[in-house]
Every structure is written in structure tokens, then in C-alpha cells.
Amino acid sequence: MELSKNYIPNEVERSWYEHWLSKGYFSSKPDAREAYTVVIPPPNVTGVLHMGHCLNNTIQDILVRRARMHGKNACWVPGTDHASIATEAKVVGMLRERGITKSSLSRDEFLKYAWEWKDKYGGIILQQLKKLGCSLDWDRTSFTMDDDYYKAVIDIFIRLHKEGIIYRGLRMVNWDPVGKTALSDEEVIFKDIDSKLYYVSYPLTDGSGSITVATTRPETILGDVAICVNPTDQRYANLVGKEVMVPIINRKIPVIADEYVDAAFGTGALKITPAHDKNDNELGRKHNLKALNTLDAEGKFTAEELGDDHPSAQVLSYNGIDRFVLRKKIVEDISALNLVQKVEEYKGQVGTSERTGAVIESRLSLQWFMDMKKFIGQHPAIVESVATDKIKFHPAKLKNTYSYWMDNIKDWCISRQLWWGQQIPAWYDTEGNCVVAATKEEAFEKFKIQNATRKIEEIHQDEDCLDTWFSSWLWPMEVFKGISNPNNEEYNYYYPTTTLVTGQDIIFFWVARMIMAGYAFKDKQPFSDVYFTGMVRDKQGRKMSKQLGNSPDLLGLIDTYGADATRFGIMIASPAGNDILFDESALEQGRNFNNKLWNALKLIKMWEARQSSDLNPESENQTHHSPLTTHHSRLTTHDFAVNWFENRLNEAKTEVNGLMNQFRLSEALKTIYSLIWDDFCSWYLEWIKPGFEQPIDSSVYQKTLVYFEELMELLHPFMPFITEEIYHLLKDNSDDLCIKQAAAVGSFDRDVLNAGELLKQVISALRDARNKNQIKPKDPIRLAIQTGSVAAYKAIENILLKQVNAESIAYTDATIANSIVVAVEKDKFFIETEKQLDTTTLKAELLKDLEHQQKFLEAVTKKLSNERFVQNARPEVVDLEKKKQADAEARIKTIQESLHNLA
RNA sequence: GGGAGCAUAGCUCAGCUGGUUUAGAGCAUCUGCCUUACAAGCAGAGGGUCCGCGGUUCGAACCCGUGUGCUCCCACCA
């Protein structure tokens with residue numbers, strides 16, 4: 001079969017993925033093997049694949065594929081998250097484009113549209129994962145709003161409510177005026193902003209002057225209920241207890257004192273607006289002040305609650321004005337009253353919604369909460385398991401982040417004013433009494449106990465739904481029906497899961513809460529290792545964003561470079577927990593690597609028909625005695641190469657195992673890359689390569705096939721497609737690499753490896769000398785070796801001849817005049833050539849080297865003459881220094897001889 | 001405001017228990033090569049105040065202190 005010049009990935013990738021699927025390699029069933037379970041962090045059902053997913057899922061696939069090849073029953077569960085806020089926003093947007101407003105629809109009508117939308121677009125991201133080569137068990141695809149899953153979430157809510165962990169209360173919450181819903185603290189992102197500090201005066205009602213406050217939020221002035229100063233602040237001591245007038249609305253409010261106020265900030269006087277600020281709200285409650293709300297759910301002005309104060313036409317004219325427009329308007333109107341003293345630039349922070357980006361309002365509302373202190377208190381393992389590494393975090397530094405958050409945890413607001421999600425199983429009667437129950441009928445039964453005359457039509461369910469994360473935290477359990485069908489066979493086999501791979505940005509949202517759920521509902525850790533990825537940034541270190549247009553089109557990249565190259569590119573520079581700077585040149589490197597593998601395949605395939613089996617018996621005879629003739633040494637040359645590579649391969653496999661166990665994936669890939677490119681292609685294949693149209697020893701060829709296969713096996717988890725392709729092109733293998741079981745790693749001999757390293761060193765040194773002396777690659781040289789171990793060089797003569805383009809090799813006891821001298825360790829090499837040598841340059845080089853060596857010798861000698869060093873350092877360290885000294889001395893001698901030789 | 005982390009070649013990063021380090025790799029750069037697997041390649045080279053300062057030690061990129069610069073997390077002082 002003719003192999004193409006370069007490797008062309010697209011068709012190969014498509015057909016192997018189909019083949020793997022058709023063979024059912026990714027689907028897992030419980031059996032006698034140990035399970036290796038990974039649940040995908042479910043992407044938003046609205047999502048499309050981006051670089052973050054690419055990194056995250058490539059890592060999971062590497063772990064899963066490797067486990068599958070190492071005797072584990074690997075199960076990787078796919079699925080999507082209903083992502084209530086994001087999805088509801090998308091559906092609302094889609095409806096708006098069609099001229100439909102959400103408010104014109106009933107809940108059922110809206111949900112019908114949402115499900116239609118989900119069914120149409122919800123699977124896209126999963127299809128894209130197939131392109132990346134992800135070996136997910138598609139039969140297990142789950143969704144956080146599947147029927148059983150939905151029931152499990154409701155069940156957990158009811159359970160926690162019964163235990164008194166979940167409660168309903170009127171609290172200050174983070175309100176997203178765009179999403180029109182409450183948010184948990186974790187969903188609020190604080191951003192630095194340039195704002196202004198307005199100094200506004202409130203006239204005293206007794207006409208004795210005014211008090212000036214500094215505020216960043218003048219639009220809330222109409223909701224002010226007091227002015228507060230620090231009780232120790234002498235400036236205001238005589239004003240406490242008096243009254244001031246709120247500008248515009250002319251409401252009388254008291255001047256009060258509280259230690260909360262910082263006298264050093266602004267004017268030392270603070271306006272209290274309990275309806276719009278968490279701290280003000282607390283102060284308000286402490287001092288029995290009313291909370292006057294002036295903003296509606298959308299963040300627009302409403303005078304509704306100001307009714308008792310007989311709002312003027314001016315106040316009423318603000319109705320429906322957006323908070324930011326209102327801010328300017330109120331400042332203008334107060335300025336017109338000459339009550340704005342000054343305006344300062346101010347750098348402050350505002351909370352924004354993680355999902356919609358809207359500036360958060362603090363808003364008093366009735367919501368459902370989870371009492372986290374109580375909850376965690378009941379399950380100490382939630383905190384301990386991470387501290388004691390029962391659940392291992394990679395990188396470990398995130399353990400601190402986790403424990404700090406746990407120690408300072410606050411109640412979790414779990415209700416959302418949305419329709420897309422699990423509807424809260426709380427029911428109300430006409431008097432506003434509330435019971436929690438799974439169904440209307442159950443709720444009705446409960447109400448009847450309180451009031452026998454209650455009719456079922458009089459009760460209605462809570463309109464709100466639950467925070468998405470209140471369903472996601474059950475993911476590792478419920479994908480195996482662990483909640484909805486407890487102790488089923490699959491759950492018992494696959495749970496706890498093995499490794500979780502996710503972004504460190506969701507450590508609190510998701511990871512921490514899965515750990516809570518794991519211990520609270522099943523008394524087990526949900527996973528044993530968590531690999532946290534950083535954020536994918538562009539090569540200048542900027543976050544990927546739509547505005548910057550710097551997020552690459554992943555599918556386009558896969559089309560251009562292939563999935564293997566894309567996986568290579570994202571993995572080669574991504575240590576656990578660090579952000580990765582995405583650079584397309586890494587994908588090029590991956591593509592080039594594909595090509596290198598392809599060409600190695602082509603080379604080896606050329607030999608297939610050129611094996612010479614007649615050399616085999618002779619070869620076996622030669623193994624154990626010293627070779628004397630050139631003919632024989634060719635055979636032992638191969639023995640040397642084969643033996644060296646086998647040892648090197650085992651060494652590298654050992655390294656890779658170690659790195660993988662530590663989750664150092666990027667380094668494992670680098671090790672494999674260098675093993676293949678440098679050791680296998682650049683050295684080994686060159687060493688065994690027969691001359692033009694010459695035969696290759698059959699046993700060497702067979703060994704080479706085995707090595708290449710093993711290299712593909714090692715690389716497969718990282719680059720599954722090309723390795724599978726080569727595995728089949730190399731030999732007529734009837735099995736597939738995808739499920740091939742890795743052979744045990746053999747041992748390796750340090751001496752054999754060192755011999756190989758020495759040979760490489762000699763070859764490089766001689767090539768360097770050729771280069772420096774401008775000997776053209778085609779010009780042959782004659783090589784003479786002065787060494788104490790002639791036999792060792794005899795064994796590798798043929799490699800040496802070929803690798804440095806020498807026409808002959810001789811052994812000598814003495815220096816050879818008019819030659820270039822190269823020293824490697826204790827051996828000297830003399831290069832003789834027809835070319836006229838540039839003695840001036842050569843001398844200069846040697847002198848430079850000599851100086852360097854002498855300095856080094858000086859340093860080592862000084863160290864060795866330090867008695868305290870010799871006394872205190874470990875003996876092997878001292879021996880090493882002695883060896884360095886001897887080597888330096890020998891080298892200096894060689895250089896001096898060479899200089900002499902040139903003269 | 002509190003906490004964590006980072007700083008090593010032009011760039012991205014290794015360097016694990018202080019001594020096999022005269023500090024490595026990949027990319028980029030430079031030189032020479034179209035050598036029958038591969039120019040998306042081959043062969044080779046150059047490139048470092050290990051952030052500054054101080055300390056501990058026979059010995060420091062590594063440990064300690066301090067300064068500087070960056071990054072992240074937590075925390076709603078209007």
C-alpha cells in the first residue's frame with residue numbers, strides 16, 4: 001500500500017471513531033475488574049465547545065483511555081446541565097426574536113418552548129466532543145432535568161427541609177435585575193469600577209443648618225430612613241436625635257448614632273437605606289427603622305412604598321426610570337436645590353451577575369436557604385477528607401482555598417425566580433401557609449391536618465425553581481441513579497467515582513458541594529482525586545472573550561490540524577492548576593509530530609519486503625563473543641542499538657508511569673514526545689537503518705515493529721487516532737489499540753543506557769567538530785580513536801561510520817598530527833581530512849575552552865581543599881567532586897595536546 | 001482589608017530530599033545541509049545577574065528574612 005507523503009487526519013479520525021463506537025469499546029458494564037469512573041463536568045446545554053472544554057475533556061480522555069488500557073473497567077459518563085439562568089435567558093431571547101414575551105406565556109407554555117429548544121440544540125456540544133476523540137460511554141448520557149434526576153433533586157430538597165437544613169426567610173439577597181432572580185453569593189462577581197462620590201446635604205428640620213453625607217448611590221436617596229454618625233464623632237454629637245429632611249421628597253428622618261459608621265470616610269455621616277444595602281438593612285433592623293423599597297424587580301424606580309409619605313408629582317415622575325438613568329436625574333434635581341456640595345471621582349466595586357453581567361442590587365425578598373453551618377456540622381468528613389487527602393486535590397494548594405471557604409461558609413440561597421429548572425416543592429394555601437411535599441396531593445393531605453375544610457384547588461405550588469447547582473451537586477451519584485434508585489448494582493459498582501477533572505473556577509459552586517452531597521447523602525467521598533485545570537488564555541495572557549475575539553474556533557482548529565494535533569497542542573503546555581496560554585504554534589508542533597510518526601511508519605514499511613532471514617542464525621551466534629570483522633560487527637551494531645532502545649523504552653515507560661500517577665500529564669507527554677522523536681527516530685532508526693536498498697536483519701525488523709507498537713500504545717491516550725491508524729498499518733493486527741492491554745514494564749540496565757548516551761555524545765561531538773571546521777556533510781573523514789576500550793568501539797563501528805560520515809575507523813596509541821582532536825570523557829578522536837584546516841580559528845576555540853576548564857578546575861580544587869567540605873559532605877558527593885577534578889585535568893591535558901598538535 | 005501563589009534563556013515552562021547542575025526542555029533565533037522516511041525535515045550552535053538585598057550552610061535556583069513586581073482567591077466602608 002502506498003502511504004501518502006504527509007499524514008492526513010480528518011478521514012482517519014472520523015472512521016476510527018465510528019469503528020470504536022461500533023465495537024462498543026466505550027460502553028462499560030459492571031464486571032470483576034476495578035472500575036475507573038469519571039463523570040464529565042456537564043457543560044451547559046446551551047453551550048458550544050470552547051478551549052476550556054477542549055483542555056478539560058482531553059485530560060479526562062487521557063486518564064480514561066489510559067485506565068482502559070491498564071486493566072480497569074473505564075466508564076466516562078457524558079451529559080449536560082440544564083443551567084437555568086443561562087438557558088432561560090437564551091430561550092427568552094429566542095422568543096423575543098419571534099415577537100413573544102415571556103410574560104405573555106404561562107409556565108407550561110414557556111417550558112414547552114424551552115424543551116423544544118433543548119431538544120434541538122442541546123446535543124450539539126456532545127457531538128463536538130466526539131470530534132475531539134472523547135471515549136465517553138454515550139449510552140449513559142444524562143441530563144440534570146431527566147425525570148429521575150428531577151425527582152432526586154426534589155427528594156433531596158424535601159429531606160433537607162425535614163431536617164431543618166432548608167428554610168424559607170425574608171433576607172437581603174443578591175438580586176439580578178436582568179435575570180430578575182435572586183442569586184447565591186457565589187454567583188456574584190465583584191468588579192472594580194470608576195464611580196463618583198456625591199456629597200449631598202440634608203437640611204435640619206429646625207433650620208439650624210444641614211448634614212452632608214457622601215454616597216455613591218444618590219438614586220436611593222428617596223428610600224433613606226435615617227442619617228447615621230459615629231457616637232464618638234464630636235462634629236455631630238449635638239445633632240444626634242435631631243431630624244433632617246430628605247431632599248426632593250422632604251421626608252423627616254432622624255439622625256442616629258452607631259459604631260458601624262467610620263468617621264474617617266467621606267463626611268463621617270452615612271445615609272441609611274435599609275431596602276437597598278445589606279449593612280443599612282442590619283442597621284435599620286437594629287434601630288427599628290422601616291425599609292422603603294424604591295426599585296422594582298427590573299431595577300426601575302417605583303414610588304409604591306413611598307405612598308404614606310404623599311409623594312409629590314416630581315417623585316411620581318421618576319416611576320419606571322432605570323436606576324442608572326435615575327442616578328443622573330436625581331443628582332441634577334438635587335443640584336437644582338443647591339444641596340450637592342461636591343462630586344469626587346471614586347474607585348469602587350460593584351457586584352455583577354456571573355451569568356447576565358448585570359449590576360447586582362441588594363434586595364429584601366422571601367427566598368429559600370440552606371443552613372450551611374448546620375449541614376456541614378453534621379458531616380465533619382466534608383472538611384476533613386480534603387485536609388487529610390482522602391480526597392486529593394491537584395494542585396494541592398487549593399486545599400487551603402477549600403478549607404477557608406468551608407470555615408467561613410454562609411447560607412446558600414437556593415431559590416431562583418425562574419421557570420427552567422426543578423420547581424420548588426413547596427405549596428401555599430390562600431392564607432399563605434406553606435408545606436413542603438413532592439406532589440399537590442401530598443401537600444393537600446398536609447394542609448387538611450391544619451384545616452379540614454381546605455380544598456385542593458385552593459393550594460398552589462411555589463413559582464420559583466432551584467439553583468442549578470442544587471441539582472449539579474448530585475451528578476456523580478445520580479448519573480448512576482444513586483438517589484432515585486438507591487443501592488442499585490451500577491451505583492454500587494461505579495460510585496464513588498475515581499477522578500474529577502474540572503476548572504478551579506467552580507471549586508465552590510460544584511466541587512465543594514459534590515463533596516458535601518457525597519458525605520451527606522451517601523456517607524462516601526464522591527471521588528478520590530480532583531484535577532483542577534486553570535483557565536485557557538490567549539498567548540498574551542488575556543482571558544478568552546467574545547469582545548476581544550481571541551477565542552479560537554475549536555472545530556476549525558480540529559479541521560486544520562486534526563484532533564490529535566489539537567490535543568497535543570493543548571496538553572504540551574498545561575501543568576495542573578496553572579492557566580495555559582494558548583498558542584496555535586503548539587498545534588503546529590502537534591501536526592508536525594503526527595507527520596514524524598507517519599514518516600517513521602513509511603520508513604519501516606519500506607523494510608518490510610527487505611528482510612534477510614539468512615543472517616539470523618549467524619546473528620544469534622554473534623551475540624556472546626567479541627566481534628572481529630566488519631561483517632560481524634554490523635550484526636553486533638544492531639544488537640547494540642536494539643538492546644539500548646529496549647532499555648531506554650523501559651526507562652521512559654517507568655518515567656511516564658510515575659508522572660501519570662502524579663497527574664503530571666504535560667510532562668508525561670513531553671517524555672513520550674522526546675522518546676519517539678529523539679531516541680526512536682533520530683537515534684535508534686538511524687542506527688539500524690540499512691544502506692540504500694540493502695536488506696535489514698529480520699530479527700531487528702521484528703523488534704522494531706514491537707517497539708513502534710509499544711510507542712503507539714504509550715502515546716495512544718494522548719493522540720488516539722494516529723496511534724490506532726499506525727497500529728493497524730504497521731502490522732495486520734486483528735485487535736485494536738484502543739482496548740489493548742499494556743504490557744508490564746520491563747527493567748532497564750543503567751550501564752546499557754550509559755553506553756548509549758556515550759555513543760550519542762561521541763557522535764554529536766564529532767559532528768560538531770565537522771561543522772566548526774566547515775567540513776561539508778558529504779565530505780568523508782578518516783577517524784582515529786585513542787581509547788582504553790577498543791572492543792567497545794569495535795562493537796559500534798558501523799554506527800559511528802555512518803553517523804559521522806567517516807570512510808574508515810582506526811585505533812591509535814598516539815596523537816595524530818594535523819588532525820582535529822575531539823575529546824569525549826577519557827577517549828580522544830582524531831579527524832583526518834583532505835580539507836585545509838583553519839588553525840587560527842581552531843586555536844581560538846581551544847583556548848576559550850581551555851580557559852573555561854581551568855576556571856572550573858580551580859573551583860573544584862578549592863572545594864576539595866576545604867576541609868569542612870571533605871568532612872561534612874556525603875562521601876559520594878566528595879567522590880563526585882574528585883571525579884570532576886580528574887576529568888577536568890584530563891580534559892585540560894587533551895586541549896593542551898591539541899594546541900600543541902596544531903602548532 | 002485578609003489570604004494564597006508566582007518571579008529561571010526572546011517566549012512557555014521543568015528543575016521533586018540543598019551536592020550527578022559547569023542550571024535543562026520545547027518553541028523562537030543563527031549556521032550548514034533538498035543525505036532515498038520526513039524542508040511540517042536533518043545536523044549543529046548561540047543564548048541565563050535563577051527578580052533585588054541580607055542571612056543560614058562546607059555548599060543555595062532550592063531553606064529563612066526582607067524589598068519589589070505580577071497573578072489569583074476571599075471580604076459589599078458608604
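Quick note on labels: first sequence line is chain A, next is B, and so on, each numbered from 1.
Computed from coordinates, the A:H276 NE2 to B:A78 C1' distance equals 15 Å when rounded to whole Å. Rounded to an integer number of Å, the gap from CG of A:L705 to C1' of B:A37 is 15 Å. Between A:N408 atom CG and B:G1 atom P there is a gap of 19 Å when expressed in whole angstrom units. Atom-to-atom, CD of A:Q854 to P of B:U22 comes out at 18 Å; the value is rounded to the nearest Å. As rounded to whole Å, 11 Å separates atom C1' of B:A4 from atom CD of A:Q504. The interatomic distance linking A:K884 (NZ) with B:A23 (P) rounds to 10 Å, in whole Å. Look at CG on A:N594: it is 15 Å from C1' on B:G41, rounded to the nearest Å. Regarding A:I221, its CD1 atom lies at a distance of 12 Å from the C1' atom of B:A78, rounded to whole Å.
Taking a 4.0 Å limit (strictly below) on heavy-atom distances, residues 393-402 of chain A reaches RNA chain B at A:K397, A:T401. Heavy-atom distances under 4.0 Å link RNA chain B to A:K863, A:N866, A:R868, A:F869, A:N872, A:A873 of residues 861-873 of chain A, given in residue order.
Here B:G32 is the nucleotide among B:G32, B:G19, B:C73 with the atom lying nearest to any side-chain atom of A:P777. Out of B:U12, B:G44, B:G41, the shortest distance to the side chain of A:A573 is found at B:U12. Proximity note for A:Q589 (side chain, C-beta onward) versus B:A40, B:C42, B:C27: the nearest is B:C27.
Under a 4.0 Å N-O distance rule, the pair A:K855/A:E858 does not qualify as a salt bridge. With salt bridges taken as basic N to acidic carboxylate O contacts below 4.0 Å, none links A:E584 and A:K539. For A:K196 and A:E345, the salt-bridge test passes: some basic side-chain N is under 4.0 Å from an acidic carboxylate O.
Residues A:K410 and A:M372 form no side-chain contact, since every pair of their non-hydrogen atoms from C-beta on lies 4.5 Å or further apart.
Within the structure, a side-chain polar atom (N or O) of A:S682 is placed less than 4.0 Å from OP1 or OP2 of B:A43. Considering only side-chain N and O atoms, A:K689 lies under 4.0 angstrom from the phosphate OP1 or OP2 of B:A37. For B:A4, the OP1/OP2 oxygens have no side-chain nitrogen or oxygen of A:W405 closer than 4.0 Å. Dashed line: the shortest gap from a side-chain N or O of A:R664 to OP1 or OP2 of B:G15 is under 4.0 Å. Put simply, A:K772 has no side-chain N or O that comes within less than 4.0 Å of OP1 or OP2 on B:U31. A sub-4.0 Å separation between OP1 or OP2 of B:A39 and a side-chain N or O of A:K5 is present. OP1 or OP2 of B:G41 has at least one side-chain nitrogen or oxygen of A:N592 nearer than 4.0 Å.
Enclosure of atom CD in A:Q774 is not indicated, since only 12 or fewer non-hydrogen atoms of other residues, nucleotides or ligands lie within 6.0 angstrom.
As judged by a 4.0 angstrom heavy-atom cut-off over every strand, A:S674 is placed among residues making no nucleic acid contact. Counting any heavy atom pair closer than 4.0 Å across all strands shown, A:K271 reaches no nucleic acid atom. When heavy atoms are screened at a 4.0 angstrom cut-off, A:L581 is found touching the sugar-phosphate backbone but no base atom.
Note that A:K863 lies in the cation-pi zone of A:F869, set by a 6.0 Å cut-off to the ring centre and a 45° limit from the axis.
Consecutive Watson-Crick or G-U pairs involving RNA chain B, each under 3.5 Å on both distances, make up stems of three or more pairs at B:1-7 with B:68-74, B:10-13 with B:24-27, B:29-33 with B:41-45, B:51-55 with B:63-67.
No donor-acceptor contact under 3.5 Å links the side chain of A:Q803 to the base of B:A43. A:N599 contributes no side-chain N or O that forms a donor-acceptor pair with the base of B:A37 under 3.5 Å. You'll find a donor-acceptor pair under 3.5 Å spanning the side chain of A:R591 and the base of B:A40, going by distance alone. Not a single donor-acceptor contact under 3.5 angstrom links the side-chain atoms of A:E667 to the base of B:A25. No hydrogens or angles were tested; on distance alone, a donor-acceptor pair under 3.5 Å links the side chain of A:K596 to the base of B:C38.
Side-chain N/O atoms of A:K602 and A:N599 include a donor and acceptor closer than 3.5 Å. Side-chain N/O atoms of A:D277 and A:T273 include no donor and acceptor closer than 3.5 Å. For the residue pair A:W683 / A:Q803, no side-chain donor-acceptor distance below 3.5 Å is found, with atom types taken as modelled.
Side-chain atoms of A:K605 come within 3.5 Å of backbone N or O of A:L729 as a donor-acceptor pair.
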Is there a side-chain hydrogen bond (donor to acceptor under 3.5 Å, both in side chains) between A:S184 and A:E187? Walk through the geometry before answering.
CA-CA 5 Å; A:S184 68; A:E187 284 165 301; 3.0 Å; yes
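Of all the heavy atoms in A:T267 and A:A214, the pair that sits closest is OG1-N, 4.0 Å.
The stacking criteria are not both satisfied for A:F265 over the base of B:C77, which would need a centre-to-centre distance under 5.5 angstrom and an angle between ring planes under 30 degrees.
In this structure, CD1 in A:I696 is found 12.0 Å from CD in A:E608, a value given to the nearest 0.5 Å. In this structure, CD1 on A:I360 lies 10.5 Å from NZ on A:K191, to the nearest 0.5 angstrom.
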